[in-house]
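One structure is given here, and the rest of the page talks about it.
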Amino acid sequence: MLRLTVQMILLAFLVTFVACNAPPVPLDDIVIEKTFTPERCDRMVKSGDYVRYHYIGMFPDGKKFDSSYDRSTTYNVFVGRKQLIAGMDKALVGMCVNERWMIKIPPQLAYGKNGYGDIIPPDSILHFDVLMLDIWNTEDKVQIKTYHKPENCGRTVQVSDYVRYHYNGTLLDGTLFDSSHTRMRTYDTYVGIGWLIAGMDQGLLGMCVGEKRIITMPPSLGYGENGDGSDIPGQASLVFDVVLLDLHNPKDEITVEVQSLPEHCPRKSEVGDFMRYHYNGSLLDGTFFDSSYSRNRTYDTYIGKGYVIAGMDQGLLGVCVGERRKIIIPPHLAYGEEGTGTKIPGSAVLVFDVHIIDFHNPSDTVEITSVKPEKCTYSAKRGDFVKYHYNATLMDGTYIGSTHTYGKTYDVVLGAGQVVIGMDQGLIGMCVGEKRRLVIPPHLAYGERGVDGEVPGSAVLVFDVELIDLEEGLPDGYMFVWNNDVSPDLFTEMDKNKDAQVDSTEFSDYILQQVEEGKGRLAPGFDPQRIIENMYDNQDRNKDGRITEDEFKLKADEAATHDEL
C-alpha cells in the first residue's frame, strides 16, 4: 500500500513537470483579451485607417522581443493595407482610442515557418500588448462639436476676421500639448488667411462670441508627418477645446444699439459739447473692466475733440439727455493691439453701456422758457429786489433743492452777485406771477467744481421759477436816493446838537427818518445799517469819525460822482 502511494506521487509530479514545460498550445486564429476599455468610444479602427499605437511584443513565456516604448515613439501605420503582419492587421480593427488589448497571434498569421531573423524563431506564437492612441483616415475632414452656444449670436466668425480665444490642445488620447489658459493670455489671430493651421482656420469659422466647441482635425490639417518638433508627434490627430472671447474685422466701425430714449429730446449732442455720462465697460464676452457707477461719479469730457478713444468720440454724438445706448467699439478705434496693459487686453473689442446725464456747449447761454401772466405792468431789471420760488434739478431730473421745502421765497437783488450768473440773467425781465424754466450751463452756474455734496462739477442746472414779488431798485450805483428835492439846509438838519459836525448816530437817525417819512429810499435787499455806514464813511473825508460842513459840501459839490446825498 505504501509503495503504491509513492508511485502515485511520483506520477503526479512527472505530469506536473511536463505540463509546466510543454510547448504552447497551437492557435487557429488570433485571440484578443481586452485589458482596458474606455468609457467612451467615439471611433473604432476600420480597414484603411491610419493608427498610432504603443505595443510590447512578447513570446508566450513573457520574454520581450520588441517594444515601441523603448524607442520612445509610437508605431504608425495604415491598417488593412498589408503593412502589418496579417494577424495584427486583423486584430486592430475595432479598437478604440485609449483601449488596451492583449493580442495573441498564431505563427501562420505572424512570421510563419521562417521567423524573423534572430529575433523571432520559426513557428512562434506572438503576444502583443497594444495601447491605441490615435485613429484617422485620409478622407477625414475637420470635425466640430459645439457643446455651448450663447442664446444671442448676432455675429459669427468669417474669413479675415480677427479673433481672440482660449484653447486647450490635446492629442486624440487626451495628452495635453498646449493651453492658452496656462499662459493666462488669449490666442489672437486672423482667421482664414493662413495664419493658423488649416484645421483651426476651418474650425473657427461660424463661431459666436461665448461659444464653446471641440475641433478635431487629422494631421493633414494639423502638423502633418513631422509634427511640431516638440510636443506634437508626426501624424497626430489634434483636438482643440476652444472658447471664443472676441471677434472683429479691421473694416469694422462702431456699432450703436439704442436701449432707451427720453420722450422729449430738444437737443442732440454735437462735436465740441461737454458731456457728463455714466457707463459700464466690458469686453465682448462680458468680462467687466470699468464702471463710473463704482466711483459714484460721472465721466465728464468734451466729445469729438480726441479727449476719449475714437470710438467713444463717435458713439456719443447725436445722443439725447437721458438716452441709454450700447456702444461696441473695435480695437482699432479703442486701445489697439497693446490694450491698456492691465484690464483691457490687446486687440479687444469694447462694449460700453452708456447713460447720458447732461451735456452743454461752452458757447451756451441761459435757455429760458416762459409763461407770462395776462397783465405785466413792470419787468424786473438790474438792481431790483425780487422774491421767487424755485425747484432745482439736474438735467436728468435729479433733485437739488426747492424753496417750497422751507415754505419761504428766495430773496435777492438782481445784478448784485447774490446768485449764480445764469440765475441773475434768467430773472431779468420777469413779471410778478410769471413762471420760467431756466436751463443754465455750468459756466454760468457752479462751474467745474460744482457744490460739494449738492451739485456735481460741470453740471447743467434746471430751475423752475415763479416770481412772487419785486421791489424796484435804485439806479445803478446808488444805495440811497431822494424822492423829493434835497433840503438846502441838509447839514444843519442833521447836526442836531449844533456842534458844527455830524456824528454817525446823527447821520443814521436822519437818513432813517427820511426813509420812514417817504422822502428818501435805501436800496432794497441790503442791510440798511450797512448802507448808512458806507454813506457816512464816504462823507467823512479825513476819517476822523466826524463830518464837518466843509467835508459835506465838498462831497456834495462833486458833480461827476454818484452822490447819494
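- In this structure, W482 and F480 have perpendicular ring planes: the angle between them is above 60°, well past the 30° mark.
- Side-chain contact check for S260 and E323: no donor-acceptor pair (N or O, by modelled atom type) lies under 3.5 Å.
- For the pair R155/D161, a side-chain contact is recorded, criterion being any heavy-atom separation below 4.5 Å from C-beta on.
- Using a 30° and 60° split on the angle between ring planes, Y279 and F352 fall in the perpendicular class, above 60°.
- N280 and D353 are not linked by any side-chain donor-acceptor pair at a separation below 3.5 angstrom, with hydrogens and angles left out of the test.
- Side-chain atoms of Q158 and S160 form no donor-acceptor pair, as typed in the model, at a separation below 3.5 Å.
- Partners of A523 according to the side chain to side chain contact (heavy atoms under 4.5 Å, CB included) rule, which considers only residues two or more places apart in sequence or in another chain, are L474, M479, F526, I531.
- A donor-acceptor contact closer than 3.5 angstrom links the side chains of N168 and S179.
- Within the 4.5 Å cutoff, side-chain heavy atoms of L284 are placed close to those of I328.
- Side-chain contact between L244 and V157 is present, with heavy atoms from C-beta onward closer than 4.5 Å.
- No hydrogens or angles considered: nothing links the side chains of D300 and S458 as a donor-acceptor pair under 3.5 Å.
- Taking the six-membered ring where tryptophan is involved, the planes of Y293 and H278 are essentially parallel, since the angle between them stays under 30° and well short of 60°.
- Looking only at atom types and distance, the side chain of H166 has a donor-acceptor partner in the side chain of S180 under 3.5 Å away.
- Using a cut-off of 4.0 Å between Lys/Arg side-chain N and Asp/Glu carboxylate O, D495 and R546 are scored as not salt-bridged.
- Ring geometry for H443 versus H360: interplanar angle of 30 to 60°, hence tilted.
- Using the six-membered ring where Trp is involved, Y410 and Y390 have ring planes that are perpendicular, over 60° apart on the 30 and 60° scheme.
- Taking the six-membered ring where the residue is Trp, Y190 and Y162 present perpendicular rings, their angle passing 60° and hence far from 30°.
- D550 and T548 share no side-chain donor-acceptor pair at under 3.5 Å.
- The closest side-chain donor-acceptor pair between S370 and E434 falls under 3.5 angstrom.
- Salt-bridge check for K381 with E472: passed, with a basic side-chain N closer than 4.0 Å to an acidic carboxylate O.
- Looking only at atom types and distance, the side chain of Y165 has no donor-acceptor partner in the side chain of D246 under 3.5 Å away.
- Ring pair Y388/F463: centre-to-centre distance not below 6.0 Å.
- In summary, the side chains of T505 and D503 do not present any donor paired with an acceptor at a separation below 3.5 Å, with no hydrogens or angles considered.
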